[in-house]
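Order of the sequence lines sets the chain letters (A, B, ...), proteins ahead of strands, with each chain counted from 1. No experiment lies behind these values; they were computed from the predicted model shown.
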Amino acid sequence: MATIVLKSREFRREREGGWRELEALVERVERKGHSSLTSDELSRLPSLYRATLSSLAVARAISLDQNLLLYLEGLSTRAYLCVYAKRSFFWPLVQEFFLARFSMLVYQQQRLLLFSVGLLLLGILVGYSMVLGSPELFYSFVSPEMAQGRSPASSRDELLSILQHTESKASALSTFASFLFTHNAKIGLLCFSLGVLMGAPVLLLLFSNGLTLGAFGAVYASRGLGFSFWAWVLPHGVTELLAVCLSGVAGFMLAHAVIFPGVYRRVDSLMLRGREAALIMLGAVALFFIAALLEGFFRQLVTSELIRYSVVLGTSGFWLWYFRRAKGAA
Amino acid sequence: MRPVEELSYTLSTPEGVPISCTLAPIASRLLALILDGLLLGLLGMGILLLVWLSAPTLLASDGFLSALLLLVVFVLRNFYFVLAEIYLGGQTLGKRVIKLRVICRDGGPITPGILLARNLTRELELFFPLAFLAQPEMLVTNSPGIIRLASIFWLVALVLLPIMNQHRARLGDLIAGTLVIRAPEHKLMPDLTEETSNNAFTFSESQLSIYGIKELQALEGILRVDEQRLNLATLESVSEKIQRKIMWQGAQSSPEVFLQAFYTAQRKRLEKELLFGRRKEDKSVITNKAQHNDLDEV
């Protein structure tokens, strides 16, 4: 016996060319992306990947060469990532999301959305009727920094001045809009993340948001300013409250996944719903942005109640159309 | 002293062959995060500088500056991570430097939606606790003690989540079903058995039935140490130990040549056993020759 014949060595000799070729391709993709490959190389990538995976399976069965096994394991992982973790471009994704995906997802969750909206309306109703009955409750629903001096003790003129307040300097308005957006979106994101805690924080957030709004409404209504108050709130409020409710929907989806995992393990159920919930949350952030623009600019520039109410109708009509559009597709 | 144990995760690929990967250690993930944080700071300042250079008059009204600052900070801190991961295929720049990758727990493709899901919780997981550290009174104003305690408990639990589960997943990872692994980088070295050209050593069956796979691969490790750093003393002691153990009576030569030959013969023997479905993990597994023969006859 002149030389020792090892099956694993012969196996390696036969297949090594393919591995090296794949390694070179993978290295280029890792450094410069898929676009650096020619179309020919690009079509070879998946088949080389599969061949290497099968080499790995064979090597596990016949080879005890640790270095070879680790190499194949690593190469397979890298190639797997090249094949399954493609880089994507931003704009096509954004387009697809807002034109189709977002409205579809929301439409599918319409029951949760109705629940969230109902919860918010209930909060408004409770806040409104309680403060109307006993005005001192206002202070327990609304924090001082939120009230900005408005309270049941304020005079009619003080209350009215806020509703009619206009700001002509564009710079101050953009700061205001920007602040509103970041503040609201941050709360929305927290609402989404807190959904994991069985949804209790989400319930609380939606309801207390309603309470605050209802309390303000009652204070204004008691001075006969109800009509003007809603004209002041709703032009941006429709969009903003919808965004709050959508954050609520996203949070509830996570809560639902944790509490009722169905046939899945809890982590898997969280994963399945979490991916959809995150997309809804992204849409909600966009809605917060639109609402902040309306609140920061439109509300401060336009005081005519007729125009304010037509914007209310316009935005509600638009969102209704936008989300029901998916009905045909679903 | 033992090396830190590495957690591995077996990924089931859509092709049906499982691949095992090494989960990224917490420390390297933290390091990548710090790098990303530094980069974010630089990026934010760079954008401001650019606006200032291109339109200094706009910034004259300080209202615009603060509006821009607010917006830039928000977009950067909430969307930098997801955009970088979408664009670079599961890596932020920090992860790229530290060589980490995001993968899906179920082995499926990593879509932008999944990357979004794992990064939308950063507000709660990262920035909220940071803000809390900077201003502890923010969270705890005018709420009853029990609520305060519960909030702090949740916050701590959230931050410590990655070290409390077997996959080192943070909340975003759980929601998106992702894991962070260390990008593998193993070089393929020449097969050690190639170097055994002639068969000057012959080992008997009984001499080769002592050691198992674990010892074989430990020997491989010793033989693969870089040429320059090749430790003659180690080779010598290992070779002596083996010779004593297998009661080697044959020719004496340099330890390296002997070990090479022994490795080749041992590997051939163990691989042959493997083909028969007998995996001898280490030397404590005693192969019962007679029993095998019985089974073979049946």
Side-chain angles (χ1 to χ4, degrees), chain A residues 1-4 6-9 12 19 50 53-54 56-57 61-68 70-71 73-74 76-78 80-81 84-88 90 93 169 171-172 174-175 177-179 181-182 185-186 189-190 192-194 196-197 254 267-268 270-271 274-275 277-279 281-282, chain B residues 13 15 17 19-21 61 63-64 66-67 70-71 74 78 83 86-90 101 103 105 108-110 112-114 116-117 120-121 123-125 128 154 171 174-177 183-189 191 193-194 196-197 199 213 216-217 220-221 224 264 267-268 270-271 274-275:
Chain A
M1 199 162 65
T3 49
I4 298 172
L6 269 93
K7 282 210 166 63
S8 59
R9 200 165 72 197
R12 171 175 170 172
W19 307 339
R50 280 182 202 114
L53 264 188
S54 98
L56 173 63
I62 68 162
S63 179
L64 291 177
D65 187 341
Q66 176 100 314
N67 171 255
L68 177 82
L70 284 176
Y71 168 79
E73 203 94 61
S76 302
T77 311
R78 289 165 71 194
Y80 163 84
L81 288 167
Y84 288 106
K86 286 216 190 81
R87 301 169 175 210
S88 321
F90 184 54
L93 284 175
K169 263 178 71 189
S171 64
S174 52
T175 315
S178 183
F179 166 76
F181 166 61
T182 52
K186 207 158 82 182
L189 285 172
L190 289 180
F192 161 73
S193 313
L194 286 170
V196 177
L197 308 185
L254 298 186
V267 272
D268 292 333
L270 188 61
M271 166 182 100
R275 291 172 180 178
L279 288 175
M281 193 53 229
L282 177 69
Chain B
T13 60
E15 285 74 23
V17 179
I19 315 177
S20 97
C21 342
S61 53
F64 183 80
S66 49
L70 268 172
L71 209 62
F74 179 82
N78 281 298
L83 288 181
I86 287 176
Y87 189 70
L88 294 176
R101 293 294 297 251
I103 57 164
R105 211 175 54 213
I110 296 123
I114 289 169
L116 177 78
L120 269 189
T121 53
E123 189 67 45
L124 179 69
E125 279 185 278
F128 200 65
W154 276 113
L171 180 63
L174 287 180
I175 288 176
E185 35 177 3
H186 288 287
K187 292 265 165 296
L188 183 59
M189 313 239 244
D191 197 321
T193 60
E194 297 276 3
T196 319
S197 48
N199 200 9
I213 293 170
L216 179 80
Q217 290 179 341
E220 181 191 339
R224 280 199 197 279
T264 306
R267 195 172 117 194
K268 185 183 181 192
L270 287 171
E271 283 181 357
L274 207 58
L275 287 181

Minimal non-hydrogen separation, [X] against [Y], with atom names:
X: A/Ser193; Y: B/Leu124; value: CB-CD2, 3.1 Å
X: B/Phe74; Y: A/Lys186; value: CE1-N, 4.3 Å
X: A/Ser63; Y: B/Glu271; value: CA-OE2, 3.5 Å

Flag the one option from [options] with the top tally of heavy-atom pairs under 4.5 Å to chain A.
options: B/Ala117, B/Gly90, B/Ala176; value: B/Ala176
options: B/Thr13, B/Val17, B/Ile19, B/Leu275; value: B/Ile19
options: B/Ile114, B/Asn78, B/Leu216; value: B/Ile114
options: B/Gly221, B/Gly113, B/Ala183, B/Pro112; value: B/Pro112
options: B/Ile175, B/Ile110, B/Ile213; value: B/Ile175

Check your understanding: Under a 4.5 Å cut-off applied to non-hydrogen side-chain atoms, are A/Asp268 and B/Arg105 in contact?
Key -> yes
Starting at [atom1] of [X], measure out to [atom2] of [Y] and round the result to the nearest 0.5 Å.
X: A/Met281; Y: B/Thr121; atom1: CE; atom2: OG1; result: 11.5 Å
X: B/Glu15; Y: A/Tyr80; atom1: CD; atom2: OH; result: 8.5 Å
X: A/Leu254; Y: B/Leu171; atom1: CG; atom2: CG; result: 8.0 Å
X: B/Phe128; Y: A/Leu190; atom1: CZ; atom2: CG; result: 5.5 Å

Exercise for review: Identify, with sequence neighbours excluded, every residue that meets salt bridge (Lys or Arg N to Asp or Glu O under 4.0 Å) alongside B/Arg101.
Suggested key: none
**Study point:** Which portion of B/Leu188 sits near chain A, non-hydrogen atoms under 4.5 angstrom
**Key:** both
Exercise for review: With a 4.5 angstrom heavy-atom cut-off, could you sort out which part of B/Leu88 is near chain A: side chain, backbone, both or neither?
Suggested key: both
Proximal component of [X], with respect to chain B [non-hydrogen, under 4.5 Å]:
X: A/Arg275; answer: both
X: A/Leu194; answer: both
X: A/Val196; answer: side chain
X: A/Leu70; answer: both
X: A/Leu56; answer: side chain
X: A/Leu93; answer: side chain

Point to revise | Top contributor to chain B interface from A/Ala185, A/Ala57, A/Gly274, A/Ser54 [non-hydrogen pairs under 4.5 Å] | key: A/Gly274
Revision key, fill the gap. Counting heavy-atom pairs under 4.5 Å with chain B, the top scorer among A/Leu64, A/Leu282, A/Leu81, A/Thr182 is A/Leu64
Exercise for review: Give the intermediate values and the outcome of side chain to side chain contact (heavy atoms under 4.5 Å, CB included) for residues B/Leu120 and A/Leu189.
Suggested key: CA-CA 7 Å; B/Leu120 269 189; A/Leu189 285 172; 3.6 Å; yes
Point to revise | Heavy-atom donor-acceptor pair, B/Glu220 side chain to A/Gln66 backbone, under 3.5 Å | key: yes
**Study point:** Test item: A/Asn67 side-chain N/O and B/Lys187 main-chain N/O as donor-acceptor pair under 3.5 Å
**Key:** yes
Exercise for review: Output, in order, the C-alpha distance, side-chain angles, deciding distance and verdict of side chain to side chain contact (heavy atoms under 4.5 Å, CB included) for B/Asp191 and A/Asp65.
Suggested key: CA-CA 8 Å; B/Asp191 197 321; A/Asp65 187 341; 3.8 Å; yes
